[in-house]
K.L.:
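Before I ask anything, here is the structure I am working with.
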2 protein chains.
Amino acid sequence: MKKYAVNNAPLYLRVKDVLLEAIRSGEIVVDGRLLSEETLTKQFNVSRATIRSALQLLEKDGIISKRHGSGTIVNTEGLQVKIRIDEFKGFFELIRESGHTPSIGEKKLLEVQLEKKICDVLDLDNGSKGLLLQRLFWGDGKPLIYAKEYIPFSILRERPTIEEVPESIFELADSYCTDPVSYSITEISSTIADKKLKQLMELPGNETLIRLEEIHYSRVNQPLMYSDILVRDSIIRFHAVRIRK
Amino acid sequence: MKKYAVNNAPLYLRVKDVLLEAIRSGEIVVDGRLLSEETLTKQFNVSRATIRSALQLLEKDGIISKRHGSGTIVNTEGLQVKIRIDEFKGFFELIRESGHTPSIGEKKLLEVQLEKKICDVLDLDNGSKGLLLQRLFWGDGKPLIYAKEYIPFSILRERPTIEEVPESIFELADSYCTDPVSYSITEISSTIADKKLKQLMELPGNETLIRLEEIHYSRVNQPLMYSDILVRDSIIRFHAVRIRK
DNA sequence: AAGTGGTCTAGACCACGTT
DNA sequence: ACGTGGTCTAGACCACTTG
């Protein structure tokens, strides 16, 4: 019955994927405009609500824009954008989507006394101890991202060895902490490297960096971990797409 | 009938506003958890779809998280975040939400030959001319944002005087250009000011800046205008909230 | 087993733009 | 006047989490 009912994902997600393909191929686009919801409803043999869910996702991604009374149009430029700052996932993916081949350049797992600033934001007693995971990520052998992640002992169920540390800190929390990460808040700023970092990241002269400071929270709003991430924005470019309504 | 049917906005938006207030006041929160959708449906006397639309908006803003089978919880920290990089609007609002009183420090409207780089991104013949709107925005009398916006003559219906220029470039397009802005793509990078800018923005020593380069597109994907915005991120902090699903 | 959010449908009516 | 997207409802069933 359902023309596109193939796998187990929710219908609206499958519809979204098919729509995206059909948009790219131009199959359902006429003069830059999408076929009407009504028409798509018939073509896909799903309810209008399902079509609208799928379109909503595409709109959120900046791929289409809707106009009340007029129609839905394809944002050819939005279609190209890869790295959205509001939804970055792993470091490897970041590097890969920037067109480079990712690898890990250096990895350290240290037991440290957490700096006052970090204790403050993580709501810990001053002088608390924890793990510091320091990693340098490469793209095509060049250092692109330097990440320091602080994990207080107070939330560790079990201590991972350096080999066991997964790429994503979220997975680390899943496996080794008392609670998983529910949401994260990132502060975005700019900075310039000091001598040590300049050497470590092989930075030329005056290159500035994007800094992402993240606090990761549990379901019950407990601050769990802190990440301090430096990104060579000359190579890894973050984007934001804003649809004007 | 409708308990909250007061004004003309769509029901789900009004419900969202009321929900937000009720969350802040703790009225519909028990132990950090929201009342169930079923319960809210009855309390608001609206359909579940409407409640879910409202909750979806709150979730997008990082204010709540939903857990299948478990419930909806309040992200107390997400509730605080003000400046989201993926949805910034006007410069004044940006400054105001950073806790400062906005004003315009300097404003220039020049007729210029557009640089090659700008002609390229705007898909113009090299050497095309246009307007350059240069503005310095203050917070409490200190320079916080320096914005250069390029508007090629080819899209201008009528030429605004410097007094007529609205705060937002979107409104400028509405009033003076052939087409309104439909969507914008922003590139985020870091930079360090040159001597002139350092003086203009009264920057101390080595302060770096966040740079936002925006291309504004029409409904039909024509690049209309280009914005080059420098922000003192030591004072204006951008944020991103990511909900982990 | 009970309660919660997730998905999906069918149908109705409204509001906006275009012709 | 017509076609488009926007809103809203009522109801059904599913999938996950928790006791």
Side-chain angles (χ1 to χ4, degrees), chain A residues 1-5 7-17 19 28-60 64-74 179-180 182 219-220 243-245, chain B residues 1-17 19 28-60 64-74 174 179-180 182 219-220 243-245:
Chain A
M1 221 58 51
K2 302 277 159 52
K3 198 169 168 190
Y4 292 101
N7 63 35
N8 292 322
L11 187 52
Y12 70 100
L13 287 181
R14 301 189 322 251
V15 169
K16 179 204 149 191
D17 289 341
L19 277 173
I28 56 173
V29 184
V30 181
D31 269 342
R33 282 173 70 248
L34 226 62
L35 301 185
S36 74
E37 295 182 351
E38 166 92 27
T39 310
L40 293 174
T41 293
K42 283 174 190 154
Q43 278 202 14
F44 281 76
N45 193 25
V46 300
S47 75
R48 191 164 158 226
T50 298
I51 286 287
R52 283 180 61 79
S53 289
L55 290 177
Q56 194 176 39
L57 293 177
L58 295 176
E59 193 180 20
K60 184 179 76 60
I64 58 173
S65 294
K66 296 172 149 205
R67 300 269 149 182
H68 191 179
S70 164
T72 302
I73 48 193
V74 180
D179 287 294
S182 175
R219 271 190 259 99
V220 293
I243 305 290
R244 191 176 175 216
K245 291 306 285 188
Chain B
M1 220 60 50
K2 303 278 160 49
K3 202 172 166 187
Y4 292 100
V6 262
N7 62 36
N8 292 321
L11 186 53
Y12 71 99
L13 287 180
R14 301 189 323 251
V15 169
K16 179 204 150 192
D17 289 340
L19 278 173
I28 55 173
V29 184
V30 180
D31 270 341
R33 283 174 68 248
L34 225 62
L35 302 184
S36 74
E37 295 182 351
E38 166 93 26
T39 310
L40 293 174
T41 292
K42 283 176 192 152
Q43 277 200 14
F44 282 75
N45 192 27
V46 298
S47 74
R48 189 163 159 228
T50 299
I51 285 288
R52 282 179 62 81
S53 289
L55 290 176
Q56 194 176 39
L57 293 177
L58 295 175
E59 192 179 21
K60 184 180 75 64
I64 57 171
S65 295
K66 296 173 148 206
R67 301 268 148 181
H68 192 181
S70 165
T72 301
I73 48 193
V74 179
D174 290 342
D179 287 294
S182 175
R219 271 187 258 102
V220 293
I243 305 290
R244 191 175 176 218
K245 292 301 289 190

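Lettering follows sequence order; numbering is per chain, from 1.
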K.L.:
May His68(B) be described as stacking on the base of dG6(C), applying a 5.5 Å centroid limit and a 30° limit on plane angle?
P.N.:
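A stacking contact does not exist, since His68(B) is not both close and nearly parallel to the base ring of dG6(C).
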K.L.:
Side chain of Val46(B): nearest nucleotide among dT9(D), dG5(C), dT7(D)?
P.N.:
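Shortest atom-to-atom distance from the side chain points to dT9(D).
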K.L.:
Calculate, to the nearest 0.5 Å, the distance between atoms CG and CD1 belonging to Leu11(B) and Ile51(B) respectively.
P.N.:
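That separation rounds to 8.5 Å.
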K.L.:
At under 4.0 Å, does any side-chain N or O of Lys66(A) touch on OP1 or OP2 of dT4(D)?
P.N.:
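The answer is no; no side-chain N or O of Lys66(A) sits under 4.0 Å from OP1 or OP2.
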K.L.:
OP1 or OP2 of dT9(D) versus the side-chain N and O atoms of Thr50(B): is any pair under 4.0 Å?
P.N.:
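Yes, such a contact exists.
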K.L.:
State, without any angle test, whether Arg67(B) and Ser182(A) hold a side-chain donor-acceptor pair at a distance under 3.5 Å.
P.N.:
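Yes - a donor-acceptor pair under 3.5 Å links their side chains.
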K.L.:
Counting only heavy atoms not in Arg219(B), do more than 12 sit closer than 6.0 Å to its CZ atom?
P.N.:
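No - once you tally the heavy atoms of other residues, nucleotides and ligands closer than 6.0 Å, there are 12 at most.
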K.L.:
Between Glu59(A) and Gly69(A), which has a closest nucleotide on DNA chain D that is more 5'?
P.N.:
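Going by which nucleotide is closer to the 5' end, it is Gly69(A).
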K.L.:
Establish, with yes or no, whether the OP1 or OP2 oxygen of dG3(C) is under 4.0 angstrom from a side-chain nitrogen or oxygen of Ser70(B).
P.N.:
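For Ser70(B), the contact criterion (side-chain N or O under 4.0 Å from OP1 or OP2 of dG3(C)) is not met.
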K.L.:
Mind checking the CG-CG spacing from Leu19(A) to Leu13(A)? Nearest 0.5 Å is all I need.
P.N.:
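Rounded to the nearest 0.5 Å, the CG-CG separation comes to 11.5 Å.
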K.L.:
Taking only the side-chain nitrogens and oxygens of Ser47(B), find out if one of them lies under 4.0 Å from OP1 or OP2 of dT9(D).
P.N.:
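Checking Ser47(B) against dT9(D): at least one side-chain N or O falls below 4.0 Å of OP1 or OP2.
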K.L.:
Report yes if a side-chain nitrogen or oxygen of Arg67(B) is closer than 4.0 Å to either non-bridging phosphate oxygen (OP1 or OP2) of dT4(C); otherwise report no.
P.N.:
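For dT4(C), neither OP1 nor OP2 has a side-chain N or O of Arg67(B) closer than 4.0 Å.
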K.L.:
Side-chain donor or acceptor of Arg48(A) under 3.5 Å from a matching atom on the base of dG6(D)?
P.N.:
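Between dG6(D) and Arg48(A), which were checked side chain against base, a qualifying N/O pair under 3.5 Å is present.
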K.L.:
Please tell me if Ser53(B) has a side-chain N or O lying less than 4.0 Å from either OP1 or OP2 of dT7(D).
P.N.:
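Checking Ser53(B) against dT7(D): no side-chain N or O falls below 4.0 Å of OP1 or OP2.
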K.L.:
Where the side chain of Leu11(A) is defined as all heavy atoms beyond and including C-beta, which of dG5(D), dC8(D), dT9(C) is the nearest nucleotide?
P.N.:
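Within the option list, the nearest is dT9(C).
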